[in-house]
Structures are given as C-alpha cells and as structure tokens.
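The next block holds one structure in the form of structure tokens; read it before the comments.
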Amino acid sequence: MNILHLLRQRFAAALDGLIDQPQSYLDLVLPSQDPRFGDYQANCAMPMAKELKKSPREIAAAIVHRLDVADLCDPPQPEIAGPGFINLRLKDGWLSNQLMKMSHDRDRLGIASADSPKTYVIDYSSPNVAKPMHVGHIRSTVIGDALYRILRFLGHRTISDNHLGDWGTQFGTIIFGYKHFLDVEAYREAPVEELCRLYKLVHQLVEYHDAKKTGLPELEARIAEQRREMEPLASALDGLEKPERKKTQKKMRQAEARLAELEEDLAAIQDRIAGVENHPTLRALAESYPDIGQQVLDETAALHAGDKFNTSLWNEFLPPCLEAIDGIYQRLGVSFNHTLGESFYHDRLASVVEDLKARGLATESEGATCVFLDGMDAPMIVQKKDGAFLYATTDLATIAYRVETFQPDVILYVVDHRQSLHFEQLFAAARKWGHESIGLVHVRFGTVLGEDGKPYKTRSGDAVELEGLLDRATERAYQIVCENDATRQIPILSESERRRIAEQIGIGAIKYADLSHNRESDYIFSYDKMLAMNGNTAAYMQYCYARVNGIFSKGDVDIDASRSRGDAIQIGHPAERALGLELVRFAETLDRVVADYRPNHLTAYLFSLAGRFAEFYEACPVHNAPDDATRHNRLLLCDLVARTIQLGLGFLGIDVVERM
RNA sequence: GCGCCCGUAGCUCAGCUGGAUAGAGCAGCGGACUUCUAAUCCGCAGGUCGCAGGUUCGAAUCCUGCCGGGCGUGCCA
C-alpha cells in the first residue's frame with residue numbers, strides 16, 4: 001500500500017470540479033517533514049488560490065470540505081494551518097490495519113506490483129575482460145544490480161545485460177604479449193594471472209613509447225607555451241585600472257594553477273619513463289620493440305579481420321577471463337540475464353553504418369563517417385578514417401538489437417558521468433535513427449575518490465583492483481567481529497561463523513557506502529566510515545537486524561506462530577506509532593527510488609527506520625511488556641522491522657546476519 | 001574557448017516536483033549497562049546553504065551574473 005498514492009487519489013476526487021488541471025496539484029501532497037504538521041500534508045491550496053483568485057485558506061477549506069478521508073485520517077484533521085497547509089494525521093486504527101496486512105504478506109510486505117508494468121533493459125557493470133576489475137566498476141555494478149532487483153520486485157519485466165568489453169585493444173595487447181613474452185609454465189599454472197601480467201607489461205611498454213614519442217614533448221611544449229602566455233599578463237598588470245586589473249590577476253591565478261597541473265603531469269610521465277629505463281629488463285624490451293604500440297593495434301585489427309590464429313587465441317583467453325570475473329560476481333552476489341559483450345555485435349557494425357548512410361543520417365567528414373546532431377558541435381563518429389568502428393557504433397548496434405529482441409520501454413545505462421556527452425549523442429542519434437518511443441536514460445554516477453579527495457588510485461597511479469578492495473574490507477570486518485565477540489563473557493561465534501559474518505559485513509559495507517550516497521556526486525572511499533557501527537552504514541543496519549533477532553532467540557519466540565495468531569497490531573506508545581508509520585512507508589520509498597533511479601533514498605529510509613526502532617527499543621520493552629497482548633504487538637512490530645530490513649538490504653544486494 | 005556537473009556544520013554527506021524552525025554520522029562536551037546485543041541509546045553545542053541580484057504567499061531547491069572546484073570537448077572506451 002502506497003499511502004501517498006492513496007491520499008493523492010482522494011485529493012484527485014476532491015479537486016475534481018474545483019479546478020481545471022487538478023493533476024499538477026496532486027504532487028503537492030507530500031509526507032510532512034515535521035510530526036507537528038501531521039503525517040502528510042497537502043500544499044496545493046496556495047498555488048490554487050492564485051489561479052482561482054481567492055484566499056488560500058478559503059481554498060483549503062473548500063478542499064477539506066470536499067475531501068473524503070474519514071476512514072484514513074483522524075478528526076478534527078485534516079486541519080488547515082498557516083497560509084493554507086492541509087495537515088493530515090493517519091488514524092491509529094487504520095495504521096494498525098495496514099501493519100496487519102504487511103505482517104500477513106509473507107513475501108511482499110504489502111507492497112503492490114506496478115499497475116502498468118514496463119520492460120526495462122539495464123546495462124551495467126560492463127568491465128573490460130582482459131584486465132582485472134577495479135574500483136571503477138563497483139558503482140556501476142552495485143547501483144545497476146540494486147535497480148534491477150527493485151524494478152523486478154515492483155513487477156516490471158527487467159532484463160540485465162552485462163555489456164562486456166571483450167573485443168577492444170586490450171585483447172590486441174594480450175595477444176601481442178602472448179606471442180612475444182609468454183611464460184609458458186606460469187600460463188599453464190594460472191592463465192588469468194599470466195595474461196594480466198602480459199597485459200600490464202605490454203601496456204607499460206606501449207605507454208613508455210607513447211610518452212617518449214608524443215606525451216613528453218607535447219607536455220613540454222604546452223608548459224613552455226603556458227609560460228609564454230603568462231609573461232605578458234605579469235608585465236601588463238602595472239598599467240591597469242581596478243576592474244581590468246582584477247581580471248588579469250584572476251587570469252594569472254588560473255594560469256599558474258594550470259602550469260602547476262602540467263608540471264605535475266610532467267613529473268608523472270617522467271616517473272613512468274624512468275620506471276622503464278631504470279629497470280634493465282624493461283629497458284631492453286622497450287628497445288627491442290620500438291613499434292609496440294602499432295603492433296598491438298595490428299594484432300587487434302587482425303583479430304577483427306578474422307585472422308585465424310588471433311581468433312583462436314581470443315577463444316582460448318576468453319573463458320578463463322570470464323571465469324575470473326564470474327568469481328568476483330559470485331562474491332558480490334551479482335548475476336545477469338545476459339552477457340552480450342562488444343564481440344557479440346561485431347558483425348552488425350558495418351550494416352549499422354550502411355543503414356545510417358542510406359538514410360542520410362551519416363555523412364563523410366574529414367575521412368570519417370559521422371552523424372551530425374542538432375545543437376551539438378562535435379559529430380558522433382561511427383567509423384574512423386581507417387575503417388575501424390568505435391564504441392558509438394557498437395552502442396547503436398546494441399540499441400537496435402535490444403529493441404528487436406526485448407522490445408523495451410526503457411533502457412538504463414548505469415555508467416559514470418564522464419560519458420554524459422557520449423550518451424547525449426548516442427540518444428540523439430538513436431532517436432534520429434527511428435528509436436523515438438523508447439526511454440533511453442543515462443543513470444550516471446560520480447567518481448570514487450581516495451581520502452585525499454582525488455580519484456582513488458594506488459600510490460603508483462594504477463587503478464585499485466576490486467578483489468583486493470573486497471579482501472581488505474572483509475579482513476577489517478573480521479577484526480571487528482572478533483574483537484567484539486571477544487569482549488563477551490562467553491564468545492558466541494565459531495571461527496567459520498566469524499569468517500562468514502565478516503564477508504557479509506565487509507561486502508555489505510562497500511555496497512552500502514556506494515548506494516547510500518547520492519549517485520550523482522563523487523564520494524570518498526573510506527574503510528573506517530563504511531564499517532562504522534554508527535551512522536548510515538550496512539553494519540549498523542545488520543546490527544539492527546541482529547538485535548531484533550536477539551529478542552526472538554532470547555525469548556524463545558516462534559515468530560511464525562505469532563504472525564498467524566491473527567490479532568491486530570495495536571498502536572499504543574508514541575514510539576510504536578512512529579515505528580509503525582515508518583514501516584508503512586516502505587512502498588512509497590521504493591517508488592521514489594525508481595522515479596529517478598536513486599538507491600540512496602532506500603538507504604535513507606532504512607536508516608530512518610533503524611532510528612525509529614532504536615527509540616522503540618529503548619522505550620518499549622518486549623519481553624517485559626506490561627501484558628501479553630502488548631508483548632505480542634511488539635513482537636510483530638519487531639518482526640516487521642526485521643523483514644523490512646531484510647527485504648530492503650536484499651534490494652541492495654546485501655545479506656542480513658542472524659547474529660554478529 | 002565551448003558544454004555539463006558541483007559548492008550545505010570543523011570533516012564526510014542527506015535534503016523529494018519550490019513548503020512551515022535546513023538534517024544525519026564523525027570529531028567535541030555531558031549523560032545512560034544487575035533489565036531483549038552498550039557494536040547501542042539520549043542530551044548539548046555547532047549553519048550568511050559560495051557571493052550578489054531576480055522570480056513569489058514561500059527559495060538550499062527555479063532564473064541571471066560573479067567567485068571557486070570537477071569533468072568532458074572530431075577519429076580511446
């Protein structure tokens with residue numbers, strides 16, 4: 001039961017005939033932010049008053065007069081307050097009823113399926129197959145998985161598709177490495193590790209030559225130019241009057257900042273070069289393969305052209321790579337309906353470009369085939385002048401395939417915000433191409449930062465590998481679990497239980513930290529914060545669940561039997577009411593999450609629920625309740641809390657633990 | 001240069017489509033374990049919502065300008 005929907009329906013009936021376009025005013029029925037203003041409030045009287053040219057309080061009175069909520073709300077409510085707010089307070093009896101319904105609904109806690117189910121394709125995770133997954137993949141994976149679970153629960157046809165990077169230059173890189181630097185023994189022992197080593201080695205050599213050939217000279221030139229640009233600014237400063245002077249000073253500051261940045265880049269690139277040159281083996285390799293960059297591209301091109309040997313290598317490499325990635329997905333508890341990587345679309349790309357050309361959408365420009373888009377400066381390039389296709393081409397082919405295969409209403413792309421422009425172009429091009437009716441949404445997210453506020457990297461500047469991240473989080477969780485259990489008079493957890501709980505807490509911590517932030521903003525990755533027992537963390541929610549569970553096991557409660565007793569859940573104590581009201585709001589929270597694809601609304605809800613539970617826990621003893629009926633009531637409330645947390649964390653892909 | 005995004009407590013972050021006195025956690029201060037997990041809870045203190053205008057019954061939220069930061073910007077993904 002979504003209370004907001006219900007109330008809006010009632011208001012729709014009340015507003016009908018009172019004003020021309022009631023629909024837009026219904027959105028102004030909202031949860032109250034302060035309990036003194038009731039549980040819900042309607043703020044529509046004020047804007048309506050303007051349209052109808054009457055006083056807001058007069059309008060509010062008219063609305064209240066026509067509003068039929070006698071079954072839902074306490075008299076003398078709805079009351080009119082301030083300039084014309086209509087405050088609604090739900091009847092305790094009605095709340096009790098709703099709680100009862102939730103309690104009896106084993107699987108869905110009273111949450112209805114969508115009235116009009118849609119088909120969603122969700123594109124998320126999408127790692128490169130040839131390299132280890134790194135920190136940049138968690139957000140996409142975790143947010144996408146949460147949206148998938150929630151949409152599916154709400155009754156939508158939901159299709160997850162992991163659009164793997166399995167066809168790009170990274171394969172040319174390892175193919176080249178395999179042909180020239182393979183350690184046969186190591187490959188037999190642990191193929192994925194050896195391929196990773198090859199990738200890193202070849203990549204390092206390619207970067208080295210790039211840096212020497214173009215990167216370094218270009219940077220040096222830019223630094224020199226930056227210095228030249230700054231000279232006249234400094235000397236011009238003297239003769240200037242106030243406003244101009246200020247502007248010039250600002251330009252100076254900006255130029256200095258840019259220069260400092262460039263010099264930092266220079267130091268980094270010099271480090272990289274030195275890393276190879278100071279290493280005798282690497283240095284020798286670099287000297288032996290001066291054209292390694294081009295050779296890698298050639299290997300990639302040969303693969304794409306169907307070269308037999310390269311294709312056989314690709315077929316050999318892919319399974320163990322996928323297996324390694326699957327290992328991480330298993331640990332994360334993430335799975336996909338489809339895993340259609342770039343390679344799947346390879347033989348469709350030429351016809352996409354042909355079709356675009358035939359329809360006059362794509363044209364030749366500076367040797368490349370481009371789709372020019374209204375209002376955008378840069379075109380979307382779908383074929384390079386050397387004939388190769390780009391990810392824009394693959395993405396278009398993917399849209400076409402998904403449309404014909406799944407007939408989706410909406411395709412969600414859970415991809416970081418730096419690709420906003422790409423998706424803007426892609427969506428515009430797709431619409432021109434004829435896919436006007438499907439919703440294409442870039443569910444973008446910010447960068448994961450280190451504690452220094454810069455993108456999270458290792459000290460040497462490499463991406464942080466995901467596996468190590470998970471290991472470290474679970475290791476820290478293990479320490480916390482052990483320390484805590486050790487403070488008990490009699491420790492209650494076995495070693496294997498400690499390990500299992502630590503894994504659930506550690507993985508949960510990483511996921512929850514990610515999901516509890518507004519996805520659009522960057523966030524700082526901190527083990528201390530994500531594993532804290534206070535505040536909005538998975539561990540806190542898991543603790544809250546374990547506490548409820550503790551009540552049951554302490555009292556030797558058979559909660560299934562209690563549930564089926566059929567007595568109403570009575571609202572007595574204010575803390576019970578506040579808790580009950582929060583519980584009943586689960587449904588509207590999920591709708592809110594889905595409305596703009598923001599899982600952090602769910603974590604905020606769960607945290608707030610835990611807060612209401614903490615108050616209840618302090619104020620309302622369960623086992624020592626004044627009478628059996630109250631005890632029974634409170635047990636059922638506890639049960640609803642536990643199930644809401646379990647279901648809610650489950651939507652986020654996080655396990656609950658019975659004790660910790 | 002152009003485009004997109006961001007600026008909220010000392011720190012990390014919430015804040016719905018514009019609603020009433022802007023919220024959490026950490027850090028600080030003060031309290032609560034013979035009683036369901038104190039891994040907790042309660043209280044206090046802490047704010048010019050970057051700045052300046054504007055829109056209106058009402059602005060952290062919308063518009064304009066400025067200041068500060070991030071990202072992107074024709075053949076990588």
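Put simply, CZ on A/Arg418 and CZ on A/Phe445 are 8.5 Å apart, with the number rounded to the nearest 0.5 Å. Rounding to the nearest 0.5 Å places CG of A/Asp655 at 9.0 Å from CG of A/Leu649.
A 4.5 Å side-chain heavy-atom check between A/Pro379 and A/Val371 finds every atom pair outside the cut-off.
At whole-Å resolution of the value, CE in A/Met533 and C1' in B/rC41 are 13 Å apart. Atom CZ in A/Arg519 sits about 17 Å away from atom P in B/rC13, given to the nearest Å. In this structure, A/Asp27 places its CG atom 16 Å from C1' of B/rU61, rounding to the nearest Å. For the pair A/Met380 CE and B/rC75 P, the computed distance is 15 Å after rounding to whole Å. Atoms CD1 (A/Ile559) and P (B/rC36) sit 18 Å apart, rounded to a whole Å. Put simply, CE on A/Met541 is 14 Å from C1' on B/rU40, counting in whole angstrom units. In this structure, A/Arg418 places its CZ atom 14 Å from P of B/rG70, rounding to the nearest Å. Protein atom CG of A/Asp452 is 12 Å distant from nucleotide atom P of B/rU12, rounded to whole Å.
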Checking side chain to side chain contact (heavy atoms under 4.5 Å, CB included) for the pair A/Phe607/A/Tyr540: CA distance, chi angles, key distance, verdict? CA-CA 8 Å; A/Phe607 183 53; A/Tyr540 177 76; 3.8 Å; yes
Verify salt bridge (charged side-chain N to carboxylate O under 4.0 Å, His left out) between A/Lys385 and A/Glu366, making sure each step is shown before the conclusion. CA-CA 8 Å; A/Lys385 61 184 165 198; A/Glu366 296 174 30; over 6 Å; no
Run the numbers on A/Arg476 and A/Asp528 for salt bridge (charged side-chain N to carboxylate O under 4.0 Å, His left out), then give the verdict. CA-CA 9 Å; A/Arg476 290 181 72 140; A/Asp528 287 339; 2.4 Å; yes
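Taking 4.0 angstrom as the limit, A/Lys454 places none of its side-chain polar atoms (N or O) nearer than this to OP1 or OP2 of B/rG70. Considering only side-chain N and O atoms, A/Tyr540 lies under 4.0 angstrom from the phosphate OP1 or OP2 of B/rC41.
For A/Tyr391 and A/Phe389, the ring centers are positioned 6.0 Å apart or more.
No contact: A/Asp528 has no heavy atom under 4.0 Å from any strand. Using a 4.0 Å heavy-atom criterion, one finds that A/Ala614 contacts the sugar-phosphate atoms exclusively. No engagement by A/Cys482 is indicated, since no non-hydrogen atom pair under 4.0 Å with the nucleic acid exists. Among the heavy atoms of the strands lying under 4.0 Å from A/Lys554 are primed sugar atoms or P, OP1, OP2 only; no base atom is included. Across all strands, A/Glu366 comes closer than 4.0 Å to base atoms (heavy-atom distances). Note on A/Ile381: a base of the nucleic acid sits closer than 4.0 angstrom, heavy atoms only. Among the heavy atoms of the strands lying under 4.0 Å from A/Ser521 are primed sugar atoms or P, OP1, OP2 only; no base atom is included. Residue contacts for A/Arg8: at a heavy-atom cut-off of 4.0 Å it reaches a base atom on one of the strands shown. Within 4.0 Å (heavy atoms only), A/Gln419 reaches at least one base atom of the nucleic acid. Counting non-hydrogen atoms under 4.0 angstrom, A/Cys370 reaches a base of the nucleic acid. Residue-level contact check: A/Ile492 touches neither bases nor backbone, having no heavy atom under 4.0 Å from any strand. Nucleic acid contact class of A/His623 (heavy atoms, under 4.0 Å, all strands): base. At a threshold of 4.0 angstrom between heavy atoms, the contacts of A/Asn518 are confined to the sugar-phosphate backbone, with no base atom among them. At a threshold of 4.0 angstrom between heavy atoms, the contacts of A/Arg598 with the nucleic acid are absent.
As rounded to the nearest Å, B/rG54 and B/rC71 have P atoms that lie 35 Å from one another. Between the P atoms of B/rG70 and B/rG15, the separation comes to 23 Å (whole Å). Only the C1' atoms considered, B/rA14 is 22 Å distant from B/rC44, to the nearest whole Å. Taking the P atom of each, B/rC66 and B/rC57 are spaced 29 Å apart, rounded to whole Å. Distance noted for atom C1' between B/rC49 and B/rG18: 15 Å (whole Å). As rounded to the nearest Å, B/rA22 and B/rU48 have P atoms that lie 13 Å from one another. Distance check on atom P: B/rG68 versus B/rG50 gives 16 Å, rounded to whole Å. Of the P atoms belonging to B/rG7 and B/rC41, the separation is 29 Å, rounded to the nearest Å.
A side-chain donor from one of A/Ser608 and A/Glu582 sits under 3.5 Å from a side-chain acceptor of the other. With 3.5 Å as the limit, one finds a donor-acceptor pair spanning the side chains of A/Thr630 and A/Asp627. Between the side chains of A/Thr141 and A/Ser125, at least one donor-acceptor pair of N or O atoms lies under 3.5 Å.
Because its glycosidic torsion is more than 90° from 0, B/rC57 is reported here as anti.
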Strand RNA chain B as a dot-bracket string - pairs counted if Watson-Crick or G-U with both distances under 3.5 Å, | where the partner lies in another strand: (((((((..((((.....[...)))).(((((.......))))).....(((((..]....))))))))))))....
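In this structure, A/Thr447 and A/Ser553 both approach RNA chain B, and ranking their closest nucleotides by distance from the 5' end singles out A/Ser553. Residue whose closest nucleotide on RNA chain B sits further toward the 5' end, between A/Pro379 and A/Phe389: A/Pro379.
Here the side chain of A/Asn87 pairs no donor or acceptor atom with the backbone of A/Tyr40 at under 3.5 angstrom.
Among the nucleotides B/rU37, B/rC76, B/rU12, the one closest to any side-chain atom of A/Ile524 is B/rU12. Listed nucleotides: B/rG74, B/rA39, B/rC5. Nearest to the side chain of A/Arg444: B/rC5. If you check B/rU40, B/rG15, B/rA39 against the side chain of A/Asn600, the one that comes closest is B/rG15. Listed nucleotides B/rA39, B/rC13, B/rC16 differ in distance to A/Ile480; the shortest reach to its side chain belongs to B/rA39. The side chain of A/Asp377 sits closest to B/rC2 out of B/rU35, B/rC2, B/rC36. Of the candidates B/rA14, B/rA39, B/rC36, the closest approach to any side-chain atom of A/His517 belongs to B/rA14. Counting only heavy atoms from C-beta on, A/Asn624 has its side chain closest to B/rU35 among B/rU37, B/rU35, B/rC76.
Taking the ring axis of A/Tyr597 as reference, the NZ or CZ atom of A/Arg519 does not stay both within 45° of it and closer than 6.0 Å to the ring centre. Cation-pi contact between A/Arg500 and A/Tyr478: absent, since separation from the ring centre below 6.0 Å together with deviation from the ring axis within 45° is not met.
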Contact state string [nucleotides 19-31 of chain B, B base, S sugar-phosphate only, - no protein heavy atom under 4.0 Å]: BBB--SSS-----
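By the neighbour-count criterion of 12 heavy atoms within 6.0 Å, atom CD of A/Gln23 is sparsely surrounded, having that number or fewer from other residues, nucleotides or ligands.
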